[in-house]
Amino acid sequence: MIDAAVDGSGGASKAPVAVELEALKALAHPLRVRILHVLTTRGPQTSSSLAVELGESTGSTSYHLRQLEAKGFIAEDASLGTARERWWRRAVDLVQLRTKDLADQPEGRTASAAVLGVWTQHDGELLRTFIATGEERYDEPTLAAARVSSRAATMPASELRRLTRDVHQLVQERVAAAERAQPDGADPTHRIQIQFNAFPID
């Protein structure tokens, strides 16, 4: 599941959006996944800023933005738009890519794998960038608050399900609390990404 609530409901927990096969196939283009990833992690963008971020032409990003808009993944952000340039934001909250309907269709399995492959690749790039440059870019309170860790464990599937659901719920609650909190100038605030992976390795 692609699970990110920026530019949507904030921290409020909503039921995942089950993607239809045709919409998923449209999203499965690598550049469209990258565009949605940037809108999720960086916030609203223009076709020009996306072109710079992704090393593409504005013609290319504009075309793929229209395809994403047509399938409901993104929407124009009128509050930021100008007469010269349109701003785009993510328009969906939790996007469920692994459903029984999709899994029952070879095209669905292929498209799901393509989207998740590109998505996690870019998640990994963000993590590698933080590891390589975080000490230079962030102050001590921020570095002390951040955590990069992994742990191996042996557990039955039922306990793994409890673990992933509990962590997901905790993340939703803390993000919602942060959205409601009043800014404190003494507490450094950053745009962050939360990554959580738990899967069998035997």
Side-chain angles (χ1 to χ4, degrees), residues 1-17 32-56 61 65 68-69 73-82 84-96 116 118-151 163-198:
M1 180 188 296
I2 296 177
D3 175 5
V6 296
D7 305 322
S9 64
S13 179
K14 286 189 175 181
V17 176
R32 292 175 200 164
V33 179
R34 293 170 67 198
I35 288 172
L36 186 61
H37 193 274
V38 172
L39 295 178
T40 300
T41 56
R42 306 293 188 194
Q45 303 286 323
T46 66
S47 60
S48 298
S49 64
L50 284 166
V52 172
E53 175 77 17
L54 300 173
E56 300 284 340
T61 55
L65 283 165
L68 289 169
E69 180 190 25
F73 290 107
I74 68 171
E76 185 175 1
D77 192 332
S79 68
L80 298 175
T82 67
R84 298 183 58 189
E85 201 155 33
R86 301 169 75 184
W87 285 75
W88 299 93
R89 60 174 177 80
R90 177 176 171 144
V92 291
D93 291 299
L94 309 183
V95 179
Q96 179 128 30
L116 286 171
V118 176
W119 191 273
T120 54
Q121 175 188 345
H122 290 286
D123 278 351
E125 289 176 3
L126 291 176
L127 179 58
R128 285 189 291 275
T129 297
F130 174 74
I131 292 170
T133 66
E135 296 286 347
E136 303 165 3
R137 297 167 57 202
Y138 301 107
D139 54 29
E140 185 56 35
T142 300
L143 292 171
R147 185 172 183 85
V148 177
S149 65
S150 65
R151 178 171 182 173
L163 172 64
T164 57
R165 298 310 183 272
D166 288 351
V167 170
H168 173 75
Q169 182 62 35
L170 177 60
V171 168
Q172 292 292 90
E173 291 172 359
R174 295 297 173 86
V175 170
E179 293 283 344
R180 294 191 300 268
Q182 294 297 318
D184 181 354
D187 190 1
T189 300
H190 301 280
R191 192 167 184 85
I192 66 165
Q193 188 184 49
I194 303 163
Q195 296 185 13
F196 169 66
N197 304 304

[atom2] on [Y] to [atom1] on [X], rounded to 0.5 Å:
{"X": "Gln195", "Y": "Arg147", "atom1": "CD", "atom2": "CZ", "answer": "15.0 Å"}
{"X": "Leu80", "Y": "Trp88", "atom1": "CG", "atom2": "CH2", "answer": "12.5 Å"}
{"X": "Thr46", "Y": "Arg84", "atom1": "OG1", "atom2": "CZ", "answer": "11.0 Å"}
{"X": "Ile35", "Y": "Leu50", "atom1": "CD1", "atom2": "CG", "answer": "5.5 Å"}
{"X": "Gln172", "Y": "Ile194", "atom1": "CD", "atom2": "CD1", "answer": "8.5 Å"}
{"X": "His168", "Y": "Leu163", "atom1": "NE2", "atom2": "CG", "answer": "13.0 Å"}

Compare all side-chain heavy atoms of [X] with those of [Y] and state whether any distance is below 4.5 angstrom.
{"X": "Val95", "Y": "Arg90", "answer": "yes"}
{"X": "Pro188", "Y": "His190", "answer": "yes"}
{"X": "Gln45", "Y": "Leu65", "answer": "no"}
{"X": "Leu36", "Y": "Trp119", "answer": "yes"}
{"X": "His37", "Y": "Leu126", "answer": "yes"}

[X] versus [Y], closest heavy-atom pair with distance:
{"X": "Phe130", "Y": "Ala146", "result": "CZ-CB, 3.7 Å"}
{"X": "Arg89", "Y": "Glu76", "result": "NE-O, 4.3 Å"}
{"X": "Gly134", "Y": "Leu143", "result": "O-CD2, 3.5 Å"}

### Query
When you measure from the side chain of Arg191 to the backbone N and O of Thr41, does any donor-acceptor pair fall under 3.5 Å?
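Confirmed, Arg191 side chain pairs with Thr41 backbone.
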### Task
Please assess Glu53 against Thr61 for the test side chain to side chain contact (heavy atoms under 4.5 Å, CB included), listing each intermediate value before the final yes or no.
CA-CA 11 Å; Glu53 175 77 17; Thr61 55; over 6 Å; no
